[in-house]
Amino acid sequence: MNYWLFKSEPDCFSLQDLKKKKTEHWDGVRNYQARNFLRDEIEKGDMVIFYHSSCAEPSAAGVAKVVRSGYPDFTAWDPHSEHPDPKSTKENPRWYMVDVQFEREFKNPVTLREMRTMAGLEGMQLLAQGNRLSVMPISKQHFEIIVKAGGKKK
DNA sequence: GCCAACGTTGGC
DNA sequence: GCCAACGTTGGC
């Protein structure tokens, strides 16, 4: 089993939105490196840190679980979707997505600011300078440290 | 809103 | 295949 970190802008789609919907497809990723993870490496049963980016307090908000591995992102085919791509077709899909299920909301969201100073998170890709990937791997150790710091919400 | 870091595009 | 121009991300 592998661990991942997914970024989302909470104004767009937050962990609380996922909580309400229970399960949702993680569509709209339009970056090849992230696409390769979604298509080739992320498997059913993998765990995900749900990270809120581009907001007042960027932070790890909770945990989600992958319930369906990579399949074509059909929103790319729809000219009226958020992220249409006319070069992606049903016959030759360019973009992929997975389905995630709500697992846990942290009692205390773990802010980026905190993560930069927390022991044991050295080398985490999220903390690397200029990191822009919206889907990235995270080690089991780093995953567990963040989950522990986040705590359980009743 | 600014801007550094990065990915993508397209002319050559 | 290089690289300048451009667009986007995302923290601050």
Side-chain angles (χ1 to χ4, degrees), chain A residues 2-21 24-42 46-64 66 69-100 102-139 141-151:
Chain A
N2 288 306
Y3 299 85
W4 308 90
L5 185 143
F6 287 10
K7 290 182 192 171
S8 183
E9 301 187 17
D11 289 346
C12 206
F13 185 71
S14 69
L15 177 69
Q16 289 72 30
D17 292 331
L18 180 63
K19 189 178 186 179
K20 269 177 240 159
K21 300 198 74 168
E24 184 62 295
H25 45 258
W26 201 267
D27 63 84
V29 173
R30 300 290 180 265
N31 168 284
Y32 287 101
Q33 220 183 324
R35 187 280 309 268
N36 293 345
F37 288 135
L38 291 167
R39 187 188 58 188
D40 307 329
E41 299 198 40
I42 301 180
D46 285 359
M47 301 302 289
V48 173
I49 295 281
F50 196 121
Y51 177 82
H52 285 163
S53 68
S54 292
C55 53
E57 195 79 82
S59 57
V63 180
V66 177
S69 62
Y71 62 105
D73 181 346
F74 51 76
T75 70
W77 308 330
D78 176 5
H80 303 295
S81 78
E82 297 280 326
H83 305 280
D85 182 358
K87 289 176 187 162
S88 184
T89 62
K90 282 186 190 180
E91 294 71 29
N92 190 17
R94 174 177 291 200
W95 305 112
Y96 281 73
M97 60 187 174
V98 300
D99 287 355
V100 295
F102 175 83
E103 186 78 12
R104 177 196 294 192
E105 183 177 357
F106 289 150
K107 184 177 172 199
N108 313 108
V110 187
T111 67
L112 179 63
R113 206 156 36 87
E114 288 167 340
M115 286 191 267
R116 290 197 190 284
T117 59
M118 275 167 60
L121 293 186
E122 295 83 6
M124 191 165 76
Q125 201 172 336
L126 179 73
L127 305 181
Q129 184 183 36
N131 166 67
R132 292 170 52 189
L133 260 190
S134 63
V135 169
M136 69 181 84
I138 179 173
S139 72
Q141 291 89 329
H142 291 167
F143 179 91
E144 285 172 351
I145 288 171
I146 292 169
V147 168
K148 193 175 176 190

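Proteins come first, then strands; the chains are lettered A, B, ... in the order of their sequence lines, and each starts at number 1.
- The distance from atom CG of L133(A) to atom C1' of dT8(C) is 13 Å, rounded to the nearest whole Å.
- For the pair W95(A) CH2 and dG7(B) P, the interatomic distance rounds to 13 Å; values are reported in whole Å.
- The distance between atom NE2 of H83(A) and atom C1' of dT9(C), rounded to the nearest whole Å, is 12 Å.
- Residue R30(A) is classed as having no contact, given no heavy-atom separation below 4.0 Å to the nucleic acid.
- Distance Q33(A) CD to dT8(B) C1': 14 Å, rounded to the nearest Å.
- A sub-4.0 Å separation between OP1 or OP2 of dG10(C) and a side-chain N or O of K7(A) is present.
- In this structure, M136(A) atom CE and dG10(C) atom C1' are separated by 11 Å, rounded to whole Å.
- Atom CG of L112(A) and atom C1' of dC12(C) are 10 Å apart (whole Å).
- For the pair W77(A) and P72(A), the minimum side-chain heavy-atom distance is below 4.5 Å.
- For N31(A), the listed nucleotide lying nearest its side chain is dG7(B); candidates were dG7(B), dG10(C), dG11(C).
- Residue R35(A) places none of its side-chain N or O atoms closer than 4.0 Å to OP1 or OP2 of dG7(B).
- Whole-Å rounding puts the Q129(A) CD to dC3(B) P distance at 17 Å.
- Minimum interatomic distance between V98(A) and L38(A) (heavy atoms only, all atoms of both residues): CG1-O, 3.8 Å.
- Across dT9(B), dG10(C), dC12(C), the shortest atom-to-atom separation from the side chain of S54(A) is found for dG10(C).
- Between Y51(A) and dT9(C) there is no side-chain polar atom (N or O) within less than 4.0 angstrom of OP1 or OP2.
- Salt-bridge annotation for D73(A) and R35(A): absent, with no side-chain N of the basic residue lying under 4.0 Å from a carboxylate O of the acidic one.
- Side chains of Y51(A) and L112(A) form a contact here, defined as non-hydrogen atoms less than 4.5 Å apart.
- One interatomic measurement links the two molecules: CG of D11(A) to C1' of dT9(C), which rounds to 15 Å at whole-angstrom precision.
- The aromatic rings of Y71(A) and F74(A) sit tilted, their planes meeting at an angle between 30° and 60°.
- Among the protein residues, E9(A) comes within range of no part of the nucleic acid, since none of its heavy atoms lies under 4.0 Å from any strand.
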